[in-house]
Amino acid sequence: MTDLRVRIAPSPTGTVHLGLCRTALFNWAYARGRGGAFILRVEDTDRTRSTAESEAAILEGLRWLGIDWDEGPGIGGPHEPYRQSERSEGHERVAAQVLESGHAYRCFCTPERLDELRASQEARKETPRYDQSCRSMSGEESDRRAAAGEPHVLRFRVPEGETVVRDLVRGDVRFDHGEVDDWIMVRRTGAATYNFVVVCDDIDMRVSHVFRGEEHLVNTPKQVLLYGALGEEPPAFGHLPLMLGTDRKKLSKRTGDTALGDYIAKGYPREAIVNFLCLQGWALDGETEVFDTATFVKHFDITDVQKAGAVFDPKKFLWLSGDTIRRMPIGELVGEVTPFLEAAGYVTAAEIEGRREWFEQLVAGEQERIELFSELPDRVRPFFEADADVTYEEAAEKNARKHEARAEHLAQFSGWLEEQSAAGEFNTEALSAGMKAWVKERELKFPALFQPLRCALTGMPGGRDLGDCVTLLGLERTQARIEAAIQRLG
RNA sequence: GGCCCUAUCGUCUAGUCAGGCCUAGGACACCAGGUUUUCAUCCUGGCGACGGGGGUUCGAAUCCCCCUAGGGUCACCA
């Protein structure tokens, strides 16, 4: 019953940019929240820059984010094909129609002449634009030269007047046609340009809403004019504020990672990435920062989108990542972290499966200490090292050496552990409480035992509960490490 | 430079469309305390903004104008 049809139209010319991800998310949420259709169309009209790898990466990236589409490459749909390069017959037909109706004209100017024109205009500090020298050419001459095979492009004949772009984010934006160039619809190669095909395809696919980055706003009057020339109603537009780098310019590699893949590789949870992207230009209620995708879909409206550009804040992103990890069920966390543990060479996925409980304990101890999945391997490294030569970090060793009676305390403590084990009290809770009591009974300060012990077991200055470390290692390995520490620390 | 867009704490933003409920709310960051065997988490508190100037109005962050600043765009790229 609804005619709501929304699309994302990425050009497969590089990595999966976060800006694309956010645009896709907003479009998708708009469609999903209103029972509309969501279409994926690959904008590969630039044949020299488009690649199959990039297209595959985009599809994979969007799926990874949890975005699905009703029509698109691979799955098809009622308006196939969904790859622009495969739609050229239609484009040619429409181009001929626009030429026929007089809304377009052939331009025989050579690229060289255009370059010179632009150069001289720039030299005079004028706005570079086409001087319309072919615009008034007679139909006979135009046909004759075209028939003779003279190379030419097709330009849109922009009429006098003004165009008002109705924008759901910005309101009405007026453009005087004196500022709109007679833009090229079809190149001399016969291939249509973006501004032309985007309109043709959106018409064919019955797209009702076009939400895209603000950089497209100035193109919009050209497109609206073409809709008019074709006798079609333009869709509703919504130009999203740009995502900015810390330099306040369009997010680019200069100021940080821009590719979705970079963040996946660093171990940002999917939910955190989606959540963060949603926060760039949109807010749920001004209070709630953390929400899931379903909530976003339910509440998202294009008219609530912020107009000003959003500076990307890596710190907040990192916080959101850590917060997401902390709220994750342990079983899920272990799954997320497994590839990173494997990549570090500590274990295989099969080994993790074989000792599931142990790994859950291992990971749980770091859950509130990591902000990225990739931080885990380094933090659990000691548990994969040989007992005789655990890496002692400088700060840990320094802390341990502050205590003169360290060897004596460690030795006694080792004996106590053996007693606990024999008594069947070898569990984290009992051990943690027991070791505190152990220190108090001897009228010591906590660091007197805990600093040397921490160094012995992990070689790190800080970290998880020591009782946890002990149960993770087991009695034998704990004692071996204590023994080694007594030797190494003296 | 022309055109277009934008303008609330350092950053993301709520509030702006329907002017009073705003001595402007939340979050991140930062600072200070507290909890804790350490680290981290967690808790409490603090710091901190309506770019400037004119109007309109009893009253303006909210409406109007100007200025300033930032951004986008000016391809046979998308």
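Any value given below was found using the heavy atoms of this structure, including those in side chains, with hydrogens, waters and symmetry copies removed.
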ask   = Taking it one step at a time, do A:F296 and A:W282 satisfy ring pair (Phe, Tyr, Trp, His ring centres under 6.0 Å)?
value = CA-CA 10 Å; A:F296 174 61; A:W282 186 81; 5.1 Å; yes
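- A sub-4.0 Å separation between OP1 or OP2 of B:A14 and a side-chain N or O of A:Q306 is present.
- Spacing between B:U62 and B:G25 at atom C1', rounded to whole Å, works out to 16 Å.
- Residue A:K250 places at least one side-chain N or O under 4.0 Å from the OP1 or OP2 atom of B:U73.
- Here the separation of B:G20 from B:C66, taken at their C1' atoms, is 27 Å to the nearest Å.
- Taking only distance into account, the side chain of A:R454 meets the base of B:U38 through a donor-acceptor pair shorter than 3.5 Å.
- Across all strands shown, A:L453 has no heavy atoms under 4.0 Å from either base or sugar-phosphate atoms.
- Residue side chain A:N219 reaches the base of B:A78 through a donor-acceptor N/O pair under 3.5 Å, judged by distance alone.
- For a distance-only test at 3.5 Å, the side chain of A:R188 qualifies as a donor-acceptor partner of the base of B:C76.
- When heavy atoms are screened at a 4.0 angstrom cut-off, A:L279 is found touching the sugar-phosphate backbone but no base atom.
- Nearest nucleotide to the A:K316 side chain, out of B:C12, B:A75, B:G72: B:C12.
- Across all strands shown, A:G213 has no heavy atoms under 4.0 Å from either base or sugar-phosphate atoms.
- When heavy atoms are screened at a 4.0 angstrom cut-off, A:L242 is found touching the sugar-phosphate backbone but no base atom.
- Residue contacts for A:T288: at a heavy-atom cut-off of 4.0 Å it reaches no nucleic acid atom on any strand shown.
- A sub-4.0 Å separation between OP1 or OP2 of B:A75 and a side-chain N or O of A:R118 is present.
- Each of B:A27, B:A78, B:C5 was ranked by its minimum atom distance to the side chain of A:V173; first place goes to B:C5.
- Residues A:F211 and A:H209 bring their aromatic ring centres within 6.0 Å.
- The pairing partner recorded for B:C74 is B:G1, the criterion being a Watson-Crick or G-U wobble arrangement whose two distances lie under 3.5 angstrom.
- Phosphate contact (OP1/OP2 of B:U6, side-chain N/O of A:R248, threshold under 4.0 Å): absent.
- Among the heavy atoms of the strands lying under 4.0 Å from A:F175 are primed sugar atoms or P, OP1, OP2 only; no base atom is included.
- Interface remark: the A:E179 side chain does not form any donor-acceptor pair with the B:G2 base, using a distance-only criterion of under 3.5 Å.
- Here the separation of B:U23 from B:G2, taken at their P atoms, is 41 Å to the nearest Å.
- With a cut-off of 3.5 Å on both Watson-Crick or G-U wobble distances, the partner of B:C50 is given as none.
- The side chain of A:E368 has B:A40 as its nearest neighbour among B:A40, B:G70, B:G72.
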